[in-house]
Structure formats: structure tokens, C-alpha cells
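What follows is one structure encoded as C-alpha cells, with my remarks underneath.
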Amino acid sequence: MAVPISQMWTVASYVLGKRLRGVKRYPLVVMLEPLFRCNLACAGCGKIQYPPHVLKRQLSPQECFDAVEEAGAPIVSIPGGEPLLHPQIDEIVRGLVERKKYIYLCTNALLLEEKLSLFTPSKYLSFSVHMDGPRKEHDLAVCRMGTFDAAVSAIKAAVGKGFRVTTNTTLFEGTDPDKVRDFFDSMMALGVEGMMVSPGYSYSKAPDQEHFLERNRTQELFRVIFSRPKRQWRFNQTPLFIRFLMGKENFQCTPWGNPTFNIFGWQKPCYLLQEGYVKSFQELMQSTEWDNYGTPSRNKKCANCMVHSGYEPTAVDRTFTSLSGFWQTARSTLTGAF
Amino acid sequence: MSITPTTRKSHATTIAAQTPEPADPTVDRARLSSEVEKAFDYRGDVTLSLSRGRVLEGYVFNRDADCPIPYLELFPKSGGPGVTVLYDELLNIRFTGQDTAAGKSWDAWQKKVKEAESNGTFAELYPETLDED
């Protein structure tokens with residue numbers, strides 16, 4: 001089992017509590033971007049293209065705590081930029097752990113070994129290491145040689161010190177499914193708790209606009225990858241989301257499920273689109289025209305998106321609020337098949 | 001729901017002019033509003049010419065053209081908290097900073113990869129240095 005029981009219980013009781021109170025729209029994961037600075041310049045990333053004076057800015061720990069507390073979600077993902085470049089990242093993590101938030105600190109791991117001593121192992125803290133496939137494919141995706149080996153070394157060090165470690169893999173057009181299957185084997189052999197996988201999103205500001213998967217291609221690729229899942233593979237995401245990627249579930253996007261807070265404010269409408277900012281989470285929820293997003297809206301920016309930040313909240317909601325979703329999840333957990 | 005700049009609960013912005021003078025009737029407001037949209041989409045600094053002869057250079061990270069008193073928000077290049085500028089204060093926008101998203105196409109990257117391969121090396125990309133501001 002990839003996710004600890006306590007985390008599952010926290011999420012399940014949170015979702016059911018919201019549904020029992022009739023709350024239709026609620027956040028599941030706060031995407032907390034404390035800075036946009038990064039020590040890589042990946043071709044598929046549209047998050048770091050800002051003038052230097054903007055890249056030098058960062059959220060204070062208190063701004064992070066206030067945002068997380070206002071949203072109230074049980075899980076906080078800390079992407080960026082590279083969060084380990086934030087000089088107070090240890091204070092931010094410590095404060096969120098004290099607030100009993102389950103944290104996924106997303107990192108390329110280049111600084112992880114050096115900074116491990118800043119952190120204390122906790123059931124609330126996972127390092128989510130960015131790994132875009134086997135050595136050659138990963139180094140090519142992040143445009144830097146030696147990154148795969150550095151990340152593997154850091155994963156071993158973190159696992160060895162008792163930290164929760166997961167991997168986070170983005171797949172692009174041209175991915176070889178057999179190599180991905182071998183890659184899953186090698187990640188599990190490192191002792192990671194679980195893996196996350198998602199198709200990439202075509203950021204309008206990313207250098208690479210051409211190698212993102214369209215919806216049909218995404219489903220074809222994931223059907224091949226997961227057609228014969230291995231028992232040792234563990235995923236830090238719901239079986240229903242994987243079934244969605246395979247084209248076996250028809251979900252709608254939940255753009256408010258992973259609200260994003262960064263130096264500009266609360267981002268409208270979601271983690272991937274930047275259509276404006278507001279000062280409070282409440283204002284985000286009340287002022288965003290949610291019907292303008294997702295596939296039913298026919299918004300072109302949403303047409304090919306199958307990213308976990310939009311669809312995993314849908315899968316989680318379905319898992320805990322429908323009999324068929326719960327049954328499918330239980331079946332996948334017991335048999336290992338999707 | 002739109003919130004006007006004067007009533008916004010702001011954690012990072014100050015208002016450039018607390019008591020803006022009436023909008024200059026000679027300024028083409030529709031054109032400027034369109035320029036603000038371009039500035040919001042632009043990943044570089046702009047220079048704003050404002051009423052009373054003021055000039056502001058920085059990165060436009062937000063705008064609201066639909067609220068009762070349209071405004072934009074900008075991080076000054078010189079540092080400090082964000083600044084809110086009312087559309088009525090705006091006279092002109094110039095795109096003066098480098099577009100940090102430009103010139104980094106996939107084709108350019110692939111060309112670099114192929115050149116490196118032919119030389120028996122590995123192409124790499126590095127983040128912009130933060131000192132060349």
C-alpha cells in the first residue's frame with residue numbers, strides 16, 4: 001500500500017465531511033509555490049520564465065501558513081521553482097508539519113542530499129522527487145546531464161534516513177512504454193513509497209510546445225503501460241486516476257481541487273492556467289467562473305489536459321463518495337490490476 | 001465578484017495613487033486596456049508612463065479590467081512590495097525588458113542537442129543568472 005493509513009483516513013474523513021455538509025467545491029491539495037527560482041531549465045516547464053527580480057522574490061513562512069490555513073486542505077504540495085532553494089524551506093515544512101498537513105515537497109533532488117539534515121522524518125513529510133524516466137530520457141527532459149544519477153543518490157540517502165520518498169513522473173509524446181515499465185521497476189527497487197505519473201501539460205510559456213500528449217495518445221500510452229501492472233509497483237495516487245488515464249473512466253476536471261498560491265496570490269483558475277490572481281482563497285472560490293474550464297466548457301486550453309492536479313481530486317471524490325468508485329479502488333488495491 | 005483597489009485586502013500591494021486624478025480624455029482607453037492584457041501575458045518587464053509625470057518599471061503580474069475601477073498590479077524592478085495602478089492613471093506602456101520566454105523554442109533546443117551530439121557532447125540548458133537585471 002503506497003499511502004499510509006493515517007493519510008488515507010485523513011483524506012477520507014475530510015472528503016466525506018465536506019460532502020455531508022453539502023459543500024460542493026472544496027480543495028484537496030494546496031499547491032504552494034514559495035518561489036519560481038530553479039536550478040534547472042527544463043524544456044517542458046513554463047513555470048520559471050520571469051525577470052530576475054521576480055525570481056528573487058519568495059513567500060515568507062507566515063504567508064505560506066496563512067494560505068494553507070485559509071484553504072483548509074489536508075494535503076500541501078510544494079512545487080516551484082525548486083523549493084529547496086528557498087532559504088526558509090525547513091521552517092515552512094516544520095510549520096506545516098506542526099499543523100498536521102501532509103506535505104509533498106516536490107524537488108529535482110539536486111540539493112536534497114545536502115539539505116536532508118534540515119528536515120526530520122515524519123509521516124506528514126514526503127519528498128516527491130521529479131524523475132522523468134530512465135537516465136537518458138530523464139537527463140534529456142531536464143536538459144542537464146547527471147541529474148538522474150544525482151536524484152537516485154538522493155533518493156537512496158533519504159530512504160536510508162527514514163524519510164517518505166515518492167517519485168513524480170511526467171510523460172511526453174514519444175515515450176516508450178516498455179522503458180517506462182522498466183523505470184517503474186527501478187524506482188521501486190530504490191525503496192520509494194510510491195510513484196506518481198501524469199501526462200505533461202503544454203504550458204504556453206514553455207520552450208517545448210510540441211511534445212505534449214493529446215488525449216487519445218495519452219490513453220493509448222497509459223493503456224499499454226498499465227495493461228500488465230506488476231505486483232511490486234505502488235502508486236501514490238488513486239487507482240481511479242490511473243484508470244482515467246487509461247480511458248476507462250470518464251471524469252470531469254476539478255479545477256478548484258488543487259488551488260495554487262504563490263508570490264502573485266491565489267492563481268485563477270488552476271495550477272496550470274494563469275488568468276489572474278486574487279488575494280484570498282475565498283475570493284478565488286467565489287470570483288472564478290468555474291464553468292469556463294474543463295472539457296464540457298470546450299475551452300481549448302483544457303481540451304487535452306489530463307493532468308493530476310485537475311483530475312486526481314475528481315478521482316479521490318469518486319473513490320469516497322460512490323459505491324462503484326470505492327469498489328473499483330478496493331478491487332485494484334487487492335488485485336493490482338486497473 | 002470584483003474588488004476595487006481601494007477596498008482590497010492586500011498583503012503585497014500598495015496603491016500608486018490614493019487619489020487619482022480624472023482620466024486624461026485624450027488617451028485611447030480601449031487601446032491601453034488591450035496593452036495591459038499584452039503586458040500581463042508578457043514574461044518581461046514593462047515601463048508604465050503614469051499621470052503626473054510618474055514612470056514605473058516592473059513586471060505586471062495581475063490585472064482586472066472588469067471591476068468597477070480597473071487596475072493592474074506590478075512588482076517594481078527596483079524591489080519592494082507590489083504596486084496597484086489604476087487604468088485611469090495609465091498613459092502609455094512600453095515593453096522594455098527582455099521577454100524571458102522568448103527564443104527558447106523546442107527547435108532551438110533540438111538544434112543544440114544535435115550540435116552537441118555531433119561533437120560527442122551533451123547539450124544542456126541552465127537557468128538565467130539572477131545578477132543580470
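Per chain, numbering begins at 1; letters A, B, ... match sequence-line order.
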Measuring from atom [atom1] of [X] to atom [atom2] of [Y], what distance do you get when rounded to the nearest 0.5 angstrom?
{"X": "E73(B)", "Y": "K279(A)", "atom1": "CD", "atom2": "NZ", "answer": "3.5 Å"}
{"X": "F122(B)", "Y": "C143(A)", "atom1": "CZ", "atom2": "SG", "answer": "8.0 Å"}
{"X": "S287(A)", "Y": "D66(B)", "atom1": "OG", "atom2": "CG", "answer": "11.0 Å"}

Give a yes or no on whether the backbone of [Y] and the side-chain of [X] come within a donor-acceptor separation of less than 3.5 Å.
{"X": "R57(A)", "Y": "G80(B)", "result": "yes"}
{"X": "R43(B)", "Y": "Q49(A)", "result": "yes"}
{"X": "K56(A)", "Y": "L130(B)", "result": "yes"}

Non-neighbouring partners of P269(A) that pass side chain to side chain contact (heavy atoms under 4.5 Å, CB included), sequence neighbours left out: L273(A), E275(A), T288(A), W290(A), Y293(A)
Of all heavy-atom pairs between [X] and [Y], which one has the smallest distance, and what is that distance?
{"X": "A41(A)", "Y": "P127(B)", "result": "CB-N, 3.8 Å"}
{"X": "P52(A)", "Y": "T129(B)", "result": "CG-O, 4.0 Å"}
{"X": "Y50(A)", "Y": "T100(B)", "result": "N-OG1, 3.2 Å"}

Is there a side-chain contact between [X] and [Y], using heavy atoms and a 4.5 Å cut-off?
{"X": "T121(B)", "Y": "M145(A)", "value": "no"}
{"X": "F264(A)", "Y": "N62(B)", "value": "no"}
{"X": "L125(B)", "Y": "R144(A)", "value": "no"}
{"X": "F75(B)", "Y": "I263(A)", "value": "yes"}

Which residues pass the salt bridge (Lys or Arg N to Asp or Glu O under 4.0 Å) test with E35(B), not counting sequence neighbours? K38(B)
Region of D139(A) in contact with chain B, defined by heavy-atom distances below 4.5 Å: both
